[in-house]
Amino acid sequence: MQQFIYPAIFYIDEDETKVYFPDLDISTSGKNYDDAYLFAKALLKTYFMYVVTNDFDFNFPSDIADVAAKCGKNEMALLVDAIIAPADVKAFKKSSK
């Protein structure tokens with residue numbers, strides 16, 4: 001089992017909450033913080049499923065304090081994690097064919 005933990009920046013844009021992973025240059029959004037957090041976890045898991053199954057390189061996570069220091073007035077840095085089990089990788093490989 002592998003666990004990936006990355007800092008993400010959460011911010012409100014118009015009527016939705018956006019999430020950006022600066023180390024990975026990927027983003028998602030939700031209608032509120034709860035939805036955005038769940039979508040961020042799903043995005044991170046999908047991202048790393050792709051990375052793991054294709055043996056790609058990836059950026060290591062920045063320190064949360066460094067990311068938080070760069071946040072603007074209406075932004076908040078949170079850690080988001082994704083856990084990938086061997087069965088997840090097997091199912092992902094099967095569905096990708």
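Residue numbers run from 1 in the order of the sequence given. Only this structure's heavy atoms are used, side chains among them; waters, hydrogens and symmetry mates stay out. Quantities reported herein were computed from a predicted structural model and do not represent experimental measurements.
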Does one hydrophobic cluster hold both L24 and V80, with members joined at side-chain heavy-atom distances below 4.5 Å? yes
Rounding to 0.5 Å, atoms CD1 (I64) and CG (L78) come to a distance of 6.5 Å
Checklist line | Single-linkage hydrophobic cluster, 4.5 Å side-chain cutoff, V67 and L79 together | finding: no
The reported gap from CD1 in I9 to OG in S27 (rounded to nearest 0.5 angstrom) is 11.0 Å
When the side chains of residues 39-51 are checked against the rest of the protein, which donor-acceptor pairs come out under 3.5 Å, sequence neighbours left out?
residue : atom : partner : partner atom : Å
K41     : NZ   : D81     : O            : 3.2
K41     : NZ   : D81     : OD1          : 2.5
K45     : NZ   : D88     : OD2          : 3.2
T46     : OG1  : A42     : O            : 2.9

Considering residues, nucleotides and ligands other than F56, do more than 12 of their heavy atoms fall under 6.0 Å from its CZ? yes
ask   = Quick check: does any side chain N or O of D23 sit under 3.5 Å from a backbone N or O of P61, one acting as donor and the other as acceptor?
value = no
Go through I84 and F4 one step at a time and tell me if the side chain to side chain contact (heavy atoms under 4.5 Å, CB included) criterion holds. CA-CA 8 Å; I84 299 174; F4 300 92; 3.8 Å; yes
(message) Please evaluate residues Y20 and D25 with respect to the criterion side chain to side chain contact (heavy atoms under 4.5 Å, CB included), reporting the C-alpha separation (whole Å), side-chain torsions for both, the decisive distance (0.1 Å), and the verdict.
(response) CA-CA 7 Å; Y20 177 65; D25 197 26; 2.8 Å; yes
One should read off an interatomic distance between S29 OG and F10 CZ, to the nearest 0.5 angstrom, of 11.0 Å
CD of E75 to CG of D13, rounded to nearest 0.5 Å, is 10.5 Å
What one should report as the nearest heavy-atom pair of G30 and E16 is O-CB, 3.3 Å
d(N32 CG, T17 OG1) to nearest 0.5 Å is 6.0 Å
Applying a strict under-4.5 Å side-chain criterion to I, L, V, M, F, W and Y, I'd like to know whether Y6 and M76 cluster together.
yes
Closest heavy-atom pair, P7 versus S62, reported as atoms and distance to 0.1 Å, is CG-O, 3.6 Å
Review point. Step by step, would you call Q2 with I83 a side chain to side chain contact (heavy atoms under 4.5 Å, CB included)?
Key: CA-CA 6 Å; Q2 295 176 287; I83 298 174; over 6 Å; no
